[in-house]
Structures are given as structure tokens and as C-alpha cells.
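Following: one structure in C-alpha cells, then a few remarks.
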Amino acid sequence: MTAPAPIRHYLQFSDFTADEYAYLLERAALIKRKFKAYEKHHTLTDRTLALIFEKASTRTRVSFEAGMYQLGGSVVHLTSGDSQLGRSEPVEDTARVISRMVDAVMIRTFEQERLQRFAAHSRVPVINGLTNEYHPCQILADIFTYTEHRGSICGKTVAWIGDGNNMANTWAQAAALLGFELRVSTPRGYEVDTALAALDGGGKGWQNFADPRQACAGADLVTTDVWTSMGYEAENEARRKAFANWRVDESLMRMAKLDALFMHCLPAHRGEEVTAEVIDGPQSVVWDEAENRMHVQKALLEYLLLGRQ
């Protein structure tokens with residue numbers, strides 16, 4: 001009798017290999033083609049996904065929920081307001097119980113350590129839907145979107161402009177793993193955390209630039225995020241002042257290649273981290289990027305539950 005395959009979790013981008021990402025990108029393209037052609041793709045019939053939200057969500061909830069239904073499965077939606085999550089039950093106990101009733105769990109929460117504790121006591125795959133430290137599903141969607149528009153991201157140059165946050169950390173891991181150059185430009189005091197952004201082996205996939213114009217020079221992709229992430233609202237006014245010169249506008253985009261793409265994980269604040277002319281302009285692919293969360297997450301769920309198809 002063959003032993004069951006070990007449980008795989010997806011807690012940060014470095015959890016998978018470059019070869020696994022090549023498969024996921026190819027699989028996501030197939031799944032998206034079938035979706036656009038209204039062809040059924042029910043590979044997860046009778047499987048159930050638990051969605052746990054301790055942070056508010058729009059795109060993460062819709063993309064996972066719609067995606068799981070499109071795979072033929074079902075969804076259980078939980079928040080800290082309507083369950084024991086926000087009360088006194090240890091996260092370990094919650095993991096033990098929920099993972100006996102579903103086939104996979106997606107968690108959107110605050111500290112990465114809380115996610116890791118849940119995964120350590122789960123009998124089923126756990127997916128990071130966002131933590132303070134990482135946002136791997138978003139970067140997977142971003143890389144898939146770049147590949148759709150421009151081909152392989154290997155050897156390309158990505159400019160990250162703004163906060164050294166969970167997105168920047170995850171982009172750095174992706175750069176080291178997939179072989180592209182990441183240029184990071186943040187205000188002083190908001191730099192990328194080197195320990196969080198490095199691969200387990202210590203690989204560093206980025207360079208720091210004090211001047212955002214230098215970071216964007218010759219870039220194939222320019223990307224950013226809000227100046228104030230969830231949980232840091234008390235710093236909003238200080239961040240507005242600190243980030244004033246890190247707005248992606250048309251002059252900054254002109255520093256990049258003529259065919260450079262612009263991405264933003266959304267929601268966006270026009271006039272703060274990006275101007276309307278850029279996010280609504282011809283180089284922006286933010287709407288494809290948002291949709292592609294669903295397609296790559298369907299490929300991810302399928303892979304974690306069934307392996308390669």
C-alpha cells in the first residue's frame with residue numbers, strides 16, 4: 001500500500017520550487033482558457049475549502065470563493081466576528097477541528113507566526129491569503145499576468161516603488177527563486193526587512209535604490225501598493241509625508257522601458273501611490289492582474305489537493 005503524500009502548505013512564496021511555479025503558471029493558463037470558453041473544470045468536486053478572514057477582504061474572498069465553486073467544490077466562510085477565532089480558543093485547537101471537516105484552508109490574518117501555528121496543527125493544506133509579512137498568492141497572480149503579456153519574467157527587471165511591506169518581501173523571494181532582477185525604492189525608515197525577504201538559503205533577490213527614478217530606469221515592470229497597509233492606519237499622516245516622492249506618475253513610468261507594464265494589487269488610492277493617468281492608462285494591467293488571482297489560486301488549490309494533473 002502506497003503511503004499518502006505529505007501535506008503541502010503554501011505559507012510564503014519560497015515554499016515552492018521554480019519548477020513547481022512553471023507548472024502552476026502553465027496550469028493556470030489552461031484553467032483560464034477553459035473559464036473564458038465556458039468549459040467546465042470540476043477537478044475538486046465534493047471538496048470543501050474553509051476561508052478564514054481575520055483581516056477584511058474583497059478580491060481574496062471573491063477570487064477564492066468563486067474559484068472553488070468553479071472547480072466543483074464548496075466553501076465555508078469564517079470571520080473572527082462569527083466564530084471562536086476572535087475569542088479565547090487557541091489557534092492550534094481551531095486548526096485541529098476545522099481541518100477534520102474540510103479539505104483545505106485559506107487564512108487571511110495578521111502575523112505570519114499565527115498562520116504557521118495553524119498550519120502546524122492542520123491535517124489539510126493551508127494557504128496564506130495575506131499576512132503582515134507575505135502575500136504569495138498576489139505575487140503568483142502578478143507573475144502570471146506578466147507572463148501573459150510579455151512572456152517569461154526570467155531575466156527581466158521589476159521596480160518596486162513605495163513601502164517595504166508584505167508585497168515587497170514576497171517580490172524579493174520571487175526574484176531570487178525565478179531569476180529576475182528586483183529594484184526596490186522606499187523612503188528611509190520603510191525599507192524591506194532583509195530577514196523576511198530572503199530565501200531560506202539566504203538568497204537575496206533585490207537591490208535598494210534611494211531614488212525611485214533610478215529604480216525604474218529600464219524596468220520591464222513597475223509596481224506599487226498603498227502607502228498605508230491594513231493595521232498601520234495610525235501612521236497614515238506620517239506616511240503621506242514620507243512617501244510624497246514615491247508616487248508612480250507618468251514621469252516615473254517614462255524612466256522604464258517603452259513597453260513596461262504597471263501593476264498594483266489594489267485597492268488603489270489615485271493621487272497617492274499612483275496617479276489616475278498611470279493606473280487607468282495604456283500600460284496598466286491591474287484589471288487582468290485582479291482577475292488572475294482567481295485563476296492562479298484555482299491552479300494552486302488543485303495542485304495542493306491533487307498534485308500534478
Side-chain angles (χ1 to χ4, degrees), residues 1-28 30-31 41-52 60 63-64 67-68 71-76 78 85 90-109 111-131 133-141 143-144 166 169-170 173-174 176-178 195-203 293 295-309:
M1 182 175 177
T2 304
I7 297 169
R8 294 288 301 276
H9 301 300
Y10 191 56
L11 308 184
Q12 55 184 292
F13 200 88
S14 60
D15 285 341
F16 288 170
T17 65
D19 179 65
E20 287 176 305
Y21 281 115
Y23 167 77
L24 286 172
L25 294 175
E26 182 180 343
R27 190 68 178 173
L30 170 67
I31 289 171
H41 187 77
H42 288 178
T43 53
L44 296 185
T45 300
D46 295 329
R47 301 296 184 101
T48 303
L49 170 67
L51 300 177
I52 300 176
T60 296
S63 59
F64 269 107
M68 190 63 179
L71 291 171
S74 58
V75 172
V76 176
L78 298 168
L85 293 167
V91 67
E92 293 83 358
D93 290 358
T94 303
R96 289 184 179 105
V97 172
I98 291 177
S99 66
R100 284 173 175 262
M101 301 178 182
V102 301
D103 299 284
V105 179
M106 188 288 306
I107 305 178
R108 184 179 177 94
T109 189
E111 296 81 12
Q112 182 79 8
E113 182 264 346
R114 185 168 173 81
L115 175 74
Q116 291 169 338
R117 284 166 55 202
F118 190 104
H121 294 84
S122 173
R123 295 162 56 132
V124 300
V126 175
I127 298 171
N128 181 352
L130 176 143
T131 62
E133 292 86 353
Y134 300 112
H135 200 357
C137 291
Q138 181 64 59
I139 301 307
L140 179 56
I143 290 170
F144 177 66
N166 52 2
N169 293 338
T170 311
Q173 286 192 346
L177 195 60
L178 301 183
L196 290 174
L199 297 178
D200 289 341
R293 280 288 300 278
H295 303 303
V296 298
Q297 288 164 187
K298 287 162 74 174
L300 175 64
L301 283 163
E302 193 185 69
Y303 181 62
L304 288 173
L305 291 173
L306 305 179
R308 297 197 185 210
Q309 299 300 293

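What you see is a predicted model; the values in this text were computed from it and never measured.
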Chi angles and distances behind the side chain to side chain contact (heavy atoms under 4.5 Å, CB included) call for Leu301, Leu44: CA-CA 9 Å; Leu301 283 163; Leu44 296 185; 4.0 Å; yes

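Looking at every heavy atom in both residues, Ile127 comes nearest to Leu115 through O-CD1, 4.3 Å. Closest of all the heavy-atom pairs between Leu140 and Leu24 is CD2-CD1, 4.5 Å. Considering all non-hydrogen atoms of both residues, Val296 and Cys137 come closest at CG2-O, 4.1 Å. Between Leu11 and Asp15 the shortest heavy-atom distance is N-OD2, 2.6 Å. The minimum heavy-atom distance between Ser99 and Ser122, with the atom names listed, is CB-OG, 3.4 Å. Across all their heavy atoms, Thr60 and Gly129 have their closest contact at OG1-O, 3.8 Å.
With contacts defined as side-chain heavy-atom distances shorter than 4.5 Å, the pair Ile107/Val105 qualifies. You'll find the side chain of Thr94 stays beyond 4.5 Å of the side chain of Arg96, heavy atoms only. Considering only heavy atoms from C-beta on, Val126 comes within 4.5 Å of Phe118 through its side chain. Counting heavy atoms from C-beta on, the side chains of Phe64 and Leu49 come closer than 4.5 Å.
When only modelled atom types and interatomic distance are considered, Ser74 and Thr48 share a side-chain donor-acceptor pair under 3.5 Å. Side-chain atoms of Gln116 and His9 include no donor-acceptor pair closer than 3.5 Å. Under 3.5 Å, the side chains of Gln173 and Gln12 contain a donor-acceptor pair of N or O atoms. Using a 3.5 Å distance cut-off with no hydrogens or angles, the side chains of Arg27 and Gln309 do not pair a donor with an acceptor.
A donor-acceptor contact shorter than 3.5 Å is absent between the side chain of Tyr23 and the backbone of Ala18. For Thr170 (side chain) and His135 (main-chain N/O), a donor-acceptor pair under 3.5 Å exists by modelled atom type.
With rounding to the nearest 0.5 angstrom, the CD1 atom of Ile98 is 5.5 Å from the CG atom of Leu78. Of the inter-residue distances, the one linking Gln138 atom CD with Ser63 atom OG reads 9.0 Å to the nearest 0.5 angstrom. Atom NZ of residue Lys298 and atom CG of residue Leu71 lie 5.5 Å apart, to the nearest 0.5 angstrom. Rounded to the nearest 0.5 angstrom, Leu25 CG and Leu30 CG are separated by 13.0 Å. To the nearest 0.5 Å, atom CE of residue Met106 and atom CG of residue Asn128 are 9.0 Å apart. A distance of 9.5 Å separates CD in Gln297 from OH in Tyr10, rounded to the nearest 0.5 Å.
With sequence neighbours excluded, the residues that form a ring-ring contact (aromatic ring centres under 6.0 Å, His included) with His295 are Phe35. Every residue meeting the side-chain contact (heavy atoms from CB on, under 4.5 Å) condition with Ala174, not counting sequence neighbours, appears here in chain and number order: Phe13, Ile139, Ile143, Phe180. Not counting sequence neighbours, Arg100 has no partner by the salt bridge (Lys or Arg N to Asp or Glu O under 4.0 Å) test. Residues satisfying the salt bridge (Lys or Arg N to Asp or Glu O under 4.0 Å) criterion with Glu92, sequence neighbours excluded, are Arg117. Under the side-chain contact (heavy atoms from CB on, under 4.5 Å) criterion, Glu20 pairs with Arg8, Phe16, Thr17, Tyr303, Arg308, sequence neighbours left out. Scanning for salt bridge (Lys or Arg N to Asp or Glu O under 4.0 Å) contacts around Glu133 gives an empty result, with sequence neighbours left out.
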